Amino acid sequence: MRVLLTGGAGFIGSHIALLLLQKGYDVVILDSFVNSSSKVTKAISNYLLTKSFNFNLNTITGDIRDKNLLEKIFNDSIIDNKPIQTVIHLAGLKSVSESLTNPLHYWDVNVCGAKNLIATMNEYKCYSIVFSSSATIYGLTDSVPIDENHQLSPINPYGRTKVAIENMFCDLYKSNMNSWKICSLRYFNPVGAHPSGMIGEDPIGIPSNLFPYISQVAVGRRDSLKVFGDDWDTDDGSGVRDYIHIMDLSEGHIKAIDFLNSKESCFEFINLGSGNGYSVFQIINQFELSTGMKIPFSIQKRRDGDVAKCFADIKKAKKLLGWVPKRSLEQICNDSWNWQRRNPHGYK
Ligand code: NAD
Ligand code: UDP
């Protein structure tokens, strides 16, 4: 079965690609490489070659806003006699701060890009899509755990583009309820790396998220971690989040495809998180255990837009997808460190 994986060279996409290939899917990656390295697909292939795996990976460099290119990809797949049966749509921009300074660009890439993609799918009668949504759409809430019925109130343009795309899916589904199969996965905090240490997270520039930042402190690329507030209403005063191992998250996508395949039509929003909350100090502590090093840090003022606690209710994912996250915080930190110490400068 052929899957089109948009954004497949990114952090999340690269891990999903590897898993899809290991499961025997034929994978077409479409990525502009605006936020990823061209070495990613080589790393995926190298890993599979070391395992003597036969696989079918095709990487196309291009933009999801390029309608002609999308049509060509769908058309070529039909000519190959391997029509695209499912799309996993991850391509997009994800920086909250950049979305505040350049909102139109975010609407263009994320919303117009998604519209372009689903319009092309519609033309080619490919009606099955898994989409990367985000817990950011729940906005500023401390009412945890957060389930899928929680109201949506994103506080930044990035989050609003995700809600707009979910709304677009909703309208599309209602217009043709017999055909579309749509699963919008709302990720909490995907972290960690493939256990081989051959693929992992490699942000361009200064990381804004905790895990890549702390990994770069551990490997000596940054002096010290800034902890954004120790006066939150949490047990130790630092912010609590739901960190999910990237391999658990990737397995959730395979389960989502199985789920879509089992349906005539459907439209579901599903949280993907670990269902547990860990504080920044707990992460520092586990990172010190995993690396055997002291992580220098300083307490700074709270970051705008942060909340005290955010973690998922994952009952729906367990029930509908039959999915359960299996990896511990220890494994997350071990695998993050394994990737970072083997690749101190990421893919460079
Ligand atoms: P990433 O930036 O590593 O990957 C996204 C990929 O999309 C990159 O390879 C980038 O080059 C590509 N891309 C961007 N614009 C494109 C365009 N116009 N055409 C084609 N390719 C384009 O990000 P990620 O962390 O892997 O996130 C993947 C998806 O998951 C994103 O949609 C993101 O919003 C969503 N998400 C991520 C997180 C997270 O914490 N990482 C949380 C929730 C949701
Ligand atoms: N955080 C921090 N220092 C950093 C980055 C993040 O203290 O350099 C804190 C942040 O305030 C939050 C947690 O770590 O409490 C997770 O932040 P991240 O940006 O990784 O995820 P998000 O807040 O988007 O869920």
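Both counts, for ligands and for their atoms, begin at 1 and track the order of listing. Note that the coordinates shown come from a computational prediction; the quantities given were computed from them, not determined experimentally.
Heavy atoms only, all atoms of each residue included: D306 and W232 are closest at O-CH2, 3.5 Å.
Nearest non-hydrogen protein atom to atom 4 (O) of ligand 1 is G10 CA, 3.4 Å. Among all non-hydrogen protein atoms, the one lying nearest atom 2 (O) of ligand 1 is N35 ND2, 2.7 Å. Regarding atom 31 (C) of ligand 1, its nearest protein heavy-atom neighbour is L90 O, 3.2 Å. Protein heavy atom closest to atom 18 (N) of ligand 1, with residue, atom name and distance, is D63 OD1, 3.0 Å. The protein heavy atom nearest to atom 5 (C) of ligand 1 is G92 O, 3.9 Å. With respect to atom 33 (C) of ligand 1, the closest heavy atom belonging to the protein is Y158 OH, 3.6 Å. Looking only at protein heavy atoms, the nearest one to atom 21 (N) of ligand 1 is S32 N, 3.1 Å. In this structure, atom 19 (N) of ligand 1 lies nearest to the protein heavy atom I64 N, 3.0 Å.
Using a 4.0 Å cut-off to heavy atoms of S134, the atoms of ligand 1 that qualify are 43 (C), 44 (C). Each of the atoms 15 (N), 18 (N) of ligand 1 lies under 4.0 Å from some heavy atom of V109. In the vicinity of G7, heavy-atom distances shorter than 4.0 Å reach the ligand 1 atoms 6 (C), 7 (O). Listed by number with element, the atoms of ligand 1 under 4.0 angstrom from any heavy atom of S36 are 8 (C), 9 (O), 11 (O).
Distances from ligand 1 to the non-hydrogen atoms of G62 include at least one value under 4.0 Å. Within the 4.0 Å heavy-atom shell around ligand 1 one finds K162.
Geometrically, ligand 1 and D31 share a nitrogen or oxygen pair separated by less than 3.5 Å. On a distance-only criterion, V34 and ligand 1 share at least one N/O pair closer than 3.5 Å. Between N189 and ligand 1, no N or O atom pair is found at a separation short of 3.5 Å. Taking any N or O of L30, backbone or side chain, none lies under 3.5 Å from an N or O belonging to ligand 1. Any N or O atom pair closer than 3.5 Å counts here, and I12 shares at least one such pair with ligand 1. Not a single N or O atom of L93, backbone or side chain, sits closer than 3.5 Å to an N or O atom of ligand 1. In terms of polar-atom proximity, P190 is not counted as a contact of ligand 1, lacking any N or O under 3.5 Å from an N or O of the ligand. Distances between N or O atoms of A9 and those of ligand 1 include no value under 3.5 Å.
Residue-level proximity to ligand 1 for F33 is carried by the backbone, the only part with a heavy atom below 4.0 angstrom.
No donor-acceptor contact under 3.5 angstrom links the side chains of E71 and T120, judged on distance only. In summary, the side chains of D230 and S238 do not present any donor paired with an acceptor at a separation below 3.5 Å, with no hydrogens or angles considered. Looking at N271 and Y138, their side chains do bring a donor and an acceptor atom within 3.5 Å of each other. Between the side chains of E268 and S184, not a single donor N or O lies within less than 3.5 Å of an accepting N or O. Side chains of E288 and S290: a donor-acceptor N/O pair is absent below 3.5 angstrom, by distance only.
Residue pairs satisfying the salt bridge (charged side-chain N to carboxylate O under 4.0 Å, His left out) criterion with at least one member in residues 336-348, sequence neighbours excluded, are listed as follows: D202-K348.
The structure places OG of S128 at 6.0 Å from CG of N261, a figure rounded to the nearest 0.5 Å. Rounding to the nearest 0.5 Å places NZ of K42 at 13.5 Å from OH of Y347. Atoms OG and CD1, on S132 and I88 in that order, are 9.0 Å from each other to the nearest 0.5 Å. Distance check, rounded to the nearest 0.5 Å: NZ of K94 to OH of Y187 gives 11.0 Å. With values rounded to the nearest 0.5 angstrom, I118 atom CD1 is found 5.0 Å from L172 atom CG.
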Please list, one pair per line, the donor and acceptor atoms closer than 3.5 Å that link side chains of residues 324-332 to other protein atoms, with sequence neighbours excluded.
unit_1	atom_1	unit_2	atom_2	d
K326	NZ	E251	OE1	3.0
R327	NH1	D248	OD1	2.6
R327	NH1	E251	OE1	3.2
R327	NH1	E251	OE2	3.2
R327	NH2	E251	OE2	2.9
S328	OG	E330	N	3.4
S328	OG	Q331	N	3.1

Could you pull out every donor-acceptor pair under 3.5 Å between side chains of residues 2-20 and any protein atom, sequence neighbours left out?
unit_1	atom_1	unit_2	atom_2	d
R2	NE	D26	OD1	3.1
R2	NH1	S77	OG	3.0
R2	NH1	D80	OD2	3.4
R2	NH2	D80	OD2	3.4
T6	OG1	H89	ND1	2.6
T6	OG1	L90	N	3.0
T6	OG1	A91	N	3.1
S14	OG	G10	O	2.8
S14	OG	F11	O	2.9
H15	ND1	F11	O	2.7
H15	NE2	H194	N	3.1

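Aromatic rings of F53 and Y47 (six-membered ring for Trp) have centroids beyond the 6.0 Å cut-off, not under it. Between W180 and F131, a ring centre-to-centre spacing not shorter than 6.0 Å is recorded.
Of the candidates S133, A135, S132, the one placing a heavy atom closest to atom 44 (C) of ligand 1 is S133. Of the candidates Y187, F188, F11, it is Y187 that places a heavy atom closest to atom 36 (N) of ligand 1. Heavy-atom proximity to atom 23 (O) of ligand 1, evaluated over H105, E201, K94, is greatest for K94.
With F311 as the aromatic partner, R241 does not meet the cation-pi criteria of under 6.0 angstrom to the ring centre and within 45 degrees of the ring axis.
Judged by distance alone, the side chain of R221 and the main-chain N or O of P344 form a donor-acceptor pair under 3.5 Å. A side-chain donor-acceptor contact under 3.5 Å links D242 to the backbone of G275.
Ligand 2 is surrounded by N189, S208, N209, L210, L225, K226, V227, F228, G239, R241, Y243, V280, R303, D306, each with at least one heavy atom closer than 4.0 Å.
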